[in-house]
Every structure is written in C-alpha cells, then in structure tokens.
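This report refers to the structure that appears directly beneath it.
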Amino acid sequence: MTKTWHRPTLRIAWAMVGLTLISLGGLLFDGRVLQGSPVWLKPFKFAVSLAVYSATLSWMLSLAHRGKRWTSGLGTTIAVIMFADVGLIAVQAARGTFSHYNTSQDFWNVLTQNMFKYTIPVMFFANVALAAVLSFQRLRDRPTTWGIRTGLYLAVLGMASGYLMVGQGKRSTATDAAGHSLDLRGGNTVGAPDGDGGVAVTAWSSTGGDLRIPHFVGMHGLQVMILIALAVGTLALSDRARLRLVGVAAFGYTGLFALLTWQALHGEPLIHPSTLTLVLFAGLATAVAAGVAWTFTLEKATPAPTRPPVRPR
C-alpha cells in the first residue's frame with residue numbers, strides 16, 4: 001500500500017521514528033536538564049509529532065488529484081526542511097543547550113537560528129500553498145475531502161500560532177546543561193517564566209499560559225479531522241449527514257484551538273482553567289453536541305430514497 005505514498009515525506013516519517021528511538025535512549029541514559037526538563041525531551045516530542053505529520057502528508061499526497069507535480073514538490077520541500085531543522089534540534093540537545101530563542105554566538109547556535117529564521121517561513125508557506133491547491137479538488141468522497149481540507153486549514157493556523165512565541169518579545173537569562181549562562185529572546189510561557197517543571201511528559205507550563213499547546217493542537221488538526229472523516233464514513237448515514245458531522249467536528253476543533261490560544265495569551269495554565277474558560281468550553285461542547293443531535297434528527301426526518309419499480313420486459 002505504501003508504494004504509492006509520497007516517498008520523501010514517508011522517508012522523513014521513518015527518520016523521525018529513528019530519532020524517536022534515539023531521543024528515548026537519551027531520556028533514559030542522559031541525565032542532563034534544561035530549565036528543569038531533560039535535554040532530550042524536545043527532540044523526542046518533535047520526532048513523534050513530525051513522524052505522524054509526515055506520514056499523514058505522505059498518504060494525503062498519494063490521493064488522486066490535479067497538479068500532483070506541484071504538490072509533490074511542496075511535500076518534498078516540507079520534508080527537507082523538517083529533516084534539517086529537527087536534525088539541528090537534536091544536535092543542540094546533544095550539546096546540552098537550547099535550540100530555540102538562543103542568542104549565543106557559537107557556530108552551531110548561529111547556524112541553527114539562521115536555519116530556523118529562513119526555513120520555517122518557507123515551510124509555512126509551502127503548507128499554505130498545499131492547502132490552497134487541494135482546496136479546489138475532490139480527493140475522495142465529500143466528507144473525507146472536507147476532512148482533509150479543514151485539517152489542512154487547522155494545521156496552517158497551528159503553525160502560524162508558533163510566531164506568537166517569538167512575537168511576545170520575552171527576554172530571559174537561562175543556564176545550559178554545562179552551567180553556562182546565556183540570554184534567550186522569546187519564550188513559550190505567558191505570565192510566568194519558562195521551565196517551571198510543567199505537566200508530565202509534555203512539560204507544558206503549570207503556572208502560566210503556554211503557547212505550545214495551541215501550536216500542537218492546531219498542527220495535529222490535520223490528523224484529527226482525517227480520522228474523524230474516515231470514522232464518519234463507516235456510519236450508515238447519507239453522504240449529506242456525514243458531511244454535516246465533519247462540519248460540526250471542524251467547528252468544534254477550531255473553537256477548541258481558539259479557546260486554547262485565548263487561554264495561553266491570558267497567562268492561564270491549561271490545568272488550572274478560570275471559571276470563564278470553563279464556561280466557554282461548556283458552551284463550545286454544547287454547541288457541538290447540538291450540531292450532532294441536529295444532524296441525526298434531520299437524517300431520521302428525511303425519507304430514504306425509493307427505487308423506481310422494475311418494469312417487466
């Protein structure tokens with residue numbers, strides 16, 4: 001089956017699996033830390049995330065569509081940049097220093113920051129172009145097509161939210177794994193210092209708003225929406241009803257992304273939501289539940305199409 005998948009992104013997916021295993025070894029046997037987290041946690045999270053993302057792109061680009069030469073080129077561009085940038089994240093982890101926001105002037109850090117500066121916008125606009133090209137084509141049935149489209153839009157929003165981390169203009173001083181002091185420009189956390197220990201596994205902040213959360217949720221909207229569309233396709237419903245359910249899911253997921261972004265920008269930890277956040281989330285959940293109920297009500301009220309009687313020959 002994978003013989004027809006887009007090869008560059010599929011190879012990157014396997015490379016990320018390899019880096020996941022290497023990073024896992026680092027987590028187990030390398031006791032160095034940066035801002036309270038293991039030095040190998042960041043490459044581990046990036047590797048897992050991009051293995052899933054690359055595999056999804058590889059499958060998606062295998063679907064029949066017009067302009068395949070262009071979309072294949074965009075996919076290859078994304079794959080090359082992911083490989084280079086995540087490779088540098090791993091190098092910085094091995095060196096025991098920060099890959100992001102680091103203002104140090106040593107060779108490897110200057111190379112890393114310049115790569116991020118020039119390649120990340122290229123990768124972002126490659127994803128935007130990919131979403132634009134596929135927005136005007138029917139890739140499979142209508143629910144799956146719209147699952148892919150809305151997933152791509154959410155992924156682009158998630159990538160764009162990453163610029164909020166640099167844009168907040170945060171400045172701080174930190175210590176690398178060797179005890180050297182260095183200056184950081186930018187940060188993940190709003191209303192609290194970076195590296196407060198955070199939530200287990202993810203290391204998301206438990207004392208302030210964390211912009212990595214909407215970044216992660218948005219980027220992986222692509223996988224979530226595709227899985228929802230495929231799951232909806234197994235239901236014994238009309239094509240129109242399945243399409244409505246995908247639309248309701250896209251509305252709910254977009255609302256969740258917006259709510260998480262709002263929460264992070266207001267300096268509110270994910271695990272300590274305010275009353276207003278809980279009310280907004282309850283309203284969103286109610287709207288999604290109402291949309292699902294409305295879809296099934298309409299489906300029951302719509303009579304099944306009848307076949308014309310067969311005339312004897």
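All of these numbers come straight from a predicted model, not from anything done at the bench. Atom set for the values below is all heavy atoms of this structure, side chains included, hydrogens, waters and symmetry mates excluded. The first residue in the sequence is number 1, and the count goes up from there.
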So Lys170 and Asp194, salt bridge (Lys or Arg N to Asp or Glu O under 4.0 Å) or not? Walk me through it.
CA-CA 10 Å; Lys170 187 175 183 178; Asp194 287 355; 3.2 Å; yes

Tell me if a side-chain donor or acceptor on Ser161 pairs with a main-chain N or O of Gly158 at a distance below 3.5 Å.
yes

So, the side chain of His272 versus the backbone of Leu270: is there a donor-acceptor pair under 3.5 Å, distance only?
no

Within a strict 4.5 Å, meaning less than it, do heavy atoms of the Leu154 and Leu222 side chains meet?
no

Do Val86 and Val91 share a hydrophobic cluster, counting only Ile, Leu, Val, Met, Phe, Trp and Tyr and linking them when any side-chain heavy atoms are less than 4.5 Å apart?
no

Between the side chains of Ser62 and His6, does any donor sit under 3.5 Å from an acceptor?
no

Can a donor-acceptor pair be found, under 3.5 Å and without considering hydrogens, that links the side chain of Glu299 to the backbone of Ser238?
yes

Atom NZ in Lys68, atom CG in Leu61: separation rounded to 0.5 Å?
8.0 Å

Salt bridge (Lys or Arg N to Asp or Glu O under 4.0 Å) filter on Arg138, not counting sequence neighbours, yields none

Test item: Thr144 side-chain N/O and Asp141 main-chain N/O as donor-acceptor pair under 3.5 Å:
no

Might you confirm whether atom OH of Tyr163 has over 12 heavy atoms from other residues, nucleotides or ligands at distances under 6.0 Å?
yes

Could you give me the CA-CA distance, side-chain angles and deciding distance for Leu24 and Phe29, then say whether side-chain contact (heavy atoms from CB on, under 4.5 Å) is met?
CA-CA 9 Å; Leu24 187 59; Phe29 302 110; over 6 Å; no

side-chain contact (heavy atoms from CB on, under 4.5 Å) assessment of Thr173 paired with Leu182
CA-CA 6 Å; Thr173 302; Leu182 47 85; over 6 Å; no

Take Arg95 and Asp106 through the test salt bridge (Lys or Arg N to Asp or Glu O under 4.0 Å) and record every step on the way to the result.
CA-CA 12 Å; Arg95 297 177 66 232; Asp106 63 87; 3.0 Å; yes

Kindly indicate, with the supporting measurements, whether the criterion side-chain contact (heavy atoms from CB on, under 4.5 Å) is fulfilled by Tyr101 and Ser172.
CA-CA 10 Å; Tyr101 320 125; Ser172 60; over 6 Å; no

So, do Trp204 and Asn188 sit near enough that their side-chain heavy atoms are less than 4.5 Å apart?
no

Any donor-acceptor pair under 3.5 Å from Asn109 side chain to Asn102 backbone:
yes

Please check if the side chain of Gln263 supplies one atom and the backbone of Pro269 the other of a donor-acceptor pair under 3.5 Å.
yes

Donor-acceptor pair, side chain of Thr145 and main chain of Arg140, under 3.5 angstrom
yes

